[in-house]
4 protein chains.
Amino acid sequence: MGETIRVTVWNEYRHEVNKPHVRAIYPQGMHHTIAEALTVDFAVRTATLDEPEHGLSEAVLADTDVLVWWGHTAHKEVRDDIVDRVAARVLAGMGLIVLHSGHYSKVFKKLMGTSCALLYRDEGEKERLWVTAPGHPIAAGIGPYFELEQEEMYGEFFDVPTPDEVVLTSWFEGGNVFRSGCCYNRGQGKIFYFRPGHELYPTYHDPNVRRVIANAIRWAAPVQRETQRFGKSVPALEPIKPKGTK
Amino acid sequence: MGETIRVTVWNEYRHEVNKPHVRAIYPQGMHHTIAEALTVDFAVRTATLDEPEHGLSEAVLADTDVLVWWGHTAHKEVRDDIVDRVAARVLAGMGLIVLHSGHYSKVFKKLMGTSCALLYRDEGEKERLWVTAPGHPIAAGIGPYFELEQEEMYGEFFDVPTPDEVVLTSWFEGGNVFRSGCCYNRGQGKIFYFRPGHELYPTYHDPNVRRVIANAIRWAAPVQRETQRFGKSVPALEPIKPKGTK
Amino acid sequence: MGETIRVTVWNEYRHEVNKPHVRAIYPQGMHHTIAEALTVDFAVRTATLDEPEHGLSEAVLADTDVLVWWGHTAHKEVRDDIVDRVAARVLAGMGLIVLHSGHYSKVFKKLMGTSCALLYRDEGEKERLWVTAPGHPIAAGIGPYFELEQEEMYGEFFDVPTPDEVVLTSWFEGGNVFRSGCCYNRGQGKIFYFRPGHELYPTYHDPNVRRVIANAIRWAAPVQRETQRFGKSVPALEPIKPKGTK
Amino acid sequence: MGETIRVTVWNEYRHEVNKPHVRAIYPQGMHHTIAEALTVDFAVRTATLDEPEHGLSEAVLADTDVLVWWGHTAHKEVRDDIVDRVAARVLAGMGLIVLHSGHYSKVFKKLMGTSCALLYRDEGEKERLWVTAPGHPIAAGIGPYFELEQEEMYGEFFDVPTPDEVVLTSWFEGGNVFRSGCCYNRGQGKIFYFRPGHELYPTYHDPNVRRVIANAIRWAAPVQRETQRFGKSVPALEPIKPKGTK
């Protein structure tokens, strides 16, 4: 509270390089567009797959309160040791915002423990996101719903653990529904999965989408609290009566 | 419903071989004692670490509705491909009952996505398990609480995802508490973590402990339902209006 | 387990009497149609608003494992003492299945503690119910989704406590979503809210709807367990060290 | 965010008047002691049972972001219309912190929908509160646990709905456990039940207790968001195909 939250926006950054129509929407990459929306309120840096250590050195993570993650085509190229590094930081308190196709990233699957599979369809259909937790801070400033004219569809069943809270639930023009804003507590950290953001549509320019991401960063920022070592042998706090031999 | 549930009790089976005082309690291994308690109601087989494929071939798992798991000293010896096989079966519907030190097994950690660490102390103290979900089927036939005269202590914070339901919460003589009966839905499967069962004490001879395990097996048995392939591209179920080019 | 579950289907039974087009769908009342679907598997009786004590005497409730509730136009006519009687029985273990417009019944609102308000629209639109908890027993025998050609729409935000489990989530033709199959644990009892069932459409003749109701009855049936008196003063189970005067 | 949270601390204020040993601990009433701890960070007022409208006029509630509630001996004297007024404000977004014996207040029981009964014993025993949600903002600044040398015991089963999050779980010297810090989302509002605070002990002078209350106020403060009218008939957002007559 009071101190500026330090955000790192991570992006695979391949589609924007390889596909002109994606580049037209995000000329400097999605990470740049997302970061731009956050600089007023947060201390923001970006990191991408092709940087050394994917831009996620120990030093960078130690200096990150909340990590935002977008990946799609190159999940397999993310190094396992860096996946472990990120997951460990989340359990130690760092917030994690996983966007759209990041549902299939190594780090999200590792932290969920499930397949994270879902139904999908890319026909540029309308998505309407309904607020299903109106008192949740991630819904701040959002109306009863908001719409995205064109998006890829993600549909249930979404094979994730039952979320601790579902802030947004999507209606899709083509007939599907989806839990689109899912909160998870893991260790001392918090994770928010936020569905929208297909690379073919200007989703990260949308003010409601940007607002949700900013709200989620505030919600996921670490609580000021000594990091605990969870597993250890501990002495008794109360006297234990001697009993028969073990 | 109506059909006999097929149970496989898996045990590391090392302490009983190596330590005479453990063998004195479980002469044929814990798996044998646990299986014995279940044969009246279920179709039970056992499997152990040192069998080929740890006794968990594809055929055995395909013929298993609920797998019970006890491991401690040899978690690392469990083959990763078999861990993946078990986890995949759970997500496809097989029930999993994880006992005591199984909290640190590869399969439980993989399915939870967290460290699964906890505080511990082995001084043979009293544990009292309180029912905190009195309408849950796993609490059937159990009073407001039951006691174990001597047990290893496991204490909070237990670094697992917030359980979908907490059926039992333990009080320990030495001053700790623990969520001792934790239910999880994962994919089409169900997981129950049940805390008691240190090898040095006759826990699996206790009638309440046996009752909880039997109840958990009934709860975790697969629902009769076609196994779904969760992840795939699907056509629209409703017409999608054409919009501007992607 | 093994014993036949005793079900009471309660219906307000006014629309079927007053409106010919409703009577055409449910000539003997909705309760009769619903009961008919359940008699193969359960011991079923019915009860209606205009019977003495609304058909819900102490004796009837004592002989009921699961109560099914449909009401709409006459919620206010239900006597408060009988609402209290039903709610007390639920907390003591009786299952409760609340159907459609029963969301606004006195008994459901009392047990939820919230307004239970929602958005609605009656234009006979298509509803598609997606399974969002594929391992849940209430989803047994149901495919990835099922459809109702014509239904009243109920839309989010649905002002109920976050359900303990959401088994079904609805997509509506007119653009809304809804948590349509909601599980609640309350006291020793279980409650299932099931959305479909507007009186103008033949919803309770639908095989999927009937299947869900039957599954919900099995899930909500009381666990065999001594009924506890929850609130009382109790002696210490462990010695308490004397301290300075209170 | 940024604006000062407006807190009203409500107290029955009877024990402090009638019992000298309670007055010795809280000379100006518990509400005064609690308010004192909060004035640095919040805009605090107090209200008591014997004021007109119990000090909870429409104007006061409209000017309150978070209401703190302590009651015990005079729950029945609280007017039903004011209970309804408070509950409606909570569903519309006002935070509510319910302390100790407030578990049996009309307003808490109404919002929970259950009996809110529990086991209890007043022998001035030790309570140790373990943090069971280490990443939750209500746990900020709190170690793995904290202790109260003398407290009344409250024990499970606590007949409340399964909390959305359990931040603290108590160990009691006499052998019981309790979910002592329970979070609930209700409508647009948030509720935190915090167990400690028997009038015979100086609990509200304890720095950890004060810290938890302050943290809970921040967590429960309303999200900046238009208050929604939840229940209403709404037009379709998408075209609905005409079907056969209703």
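In what follows, every chain begins at residue 1, and chains take the letters A, B, ... in the order their sequences are listed. Since we're looking at a predicted model, the values are computed, not measured.
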Options B:F158, B:Y120, B:Y184, ranked by heavy-atom pairs under 4.5 Å with chain A, top entry: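 Ranked by heavy-atom pairs under 4.5 Å with chain A, first place is B:Y120.
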
B:E156 portion near chain A, given a 4.5 angstrom heavy-atom threshold: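 Contact with chain A: none, neither part.
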
Would you give the length of the straight line joining atom [atom1] of [X] to atom [atom2] of [Y], rounded to the nearest 0.5 angstrom?
X	Y	atom1	atom2	result
B:F172	A:I240	CZ	CD1	10.0 Å
B:M112	A:M112	CE	CE	11.5 Å
B:T114	A:Q188	OG1	CD	13.0 Å
B:D164	A:D164	CG	CG	8.5 Å
B:L237	A:E173	CG	CD	12.5 Å

Proximity breakdown for A:K232 and chain B, heavy-atom pairs closer than 4.5 Å: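 Both backbone and side chain.
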
Identify every side-chain donor-acceptor pair in residues 89-97 of chain B under 3.5 Å, counting partners at least two apart or on other chains, and give the distances.
from	atom 1	to	atom 2	distance (Å)
B:R89	NE	B:L61	O	3.1
B:R89	NH2	B:L61	O	3.0
B:R89	NH2	B:T64	O	2.6

Among the listed options A:G175, A:A117, A:G187, A:G174, the residue most often paired with chain B at heavy-atom distances under 4.5 Å: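 Option with the top pair count is A:G174.
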
Residue selection (most heavy-atom pairs with chain B, distance under 4.5 Å) from A:A88, A:A87, A:P235, A:P239: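 Option with the greatest count: A:P235.
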
Partner residues of B:H75 under the ring pair (Phe, Tyr, Trp, His ring centres under 6.0 Å) criterion, sequence neighbours left out: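 None.
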
With sequence neighbours excluded, residues passing side chain to side chain contact (heavy atoms under 4.5 Å, CB included) with A:E238: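 Result, side chain to side chain contact (heavy atoms under 4.5 Å, CB included) vs A:E238: C:K241, D:K126, D:R128, D:W171.
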
Expected output: side-chain B:R121 to main-chain A:S233 donor-acceptor under 3.5 Å: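 No; zero donor-acceptor contacts below 3.5 Å.
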
Heavy-atom contacts under 4.5 Å, residues 189-197 of chain B to chain A: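 Expected list: none.
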
Non-hydrogen side-chain atoms of A:V234 and B:M153 separated by less than 4.5 Å: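 A side-chain contact exists here, since the closest heavy-atom pair is under 4.5 Å.
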
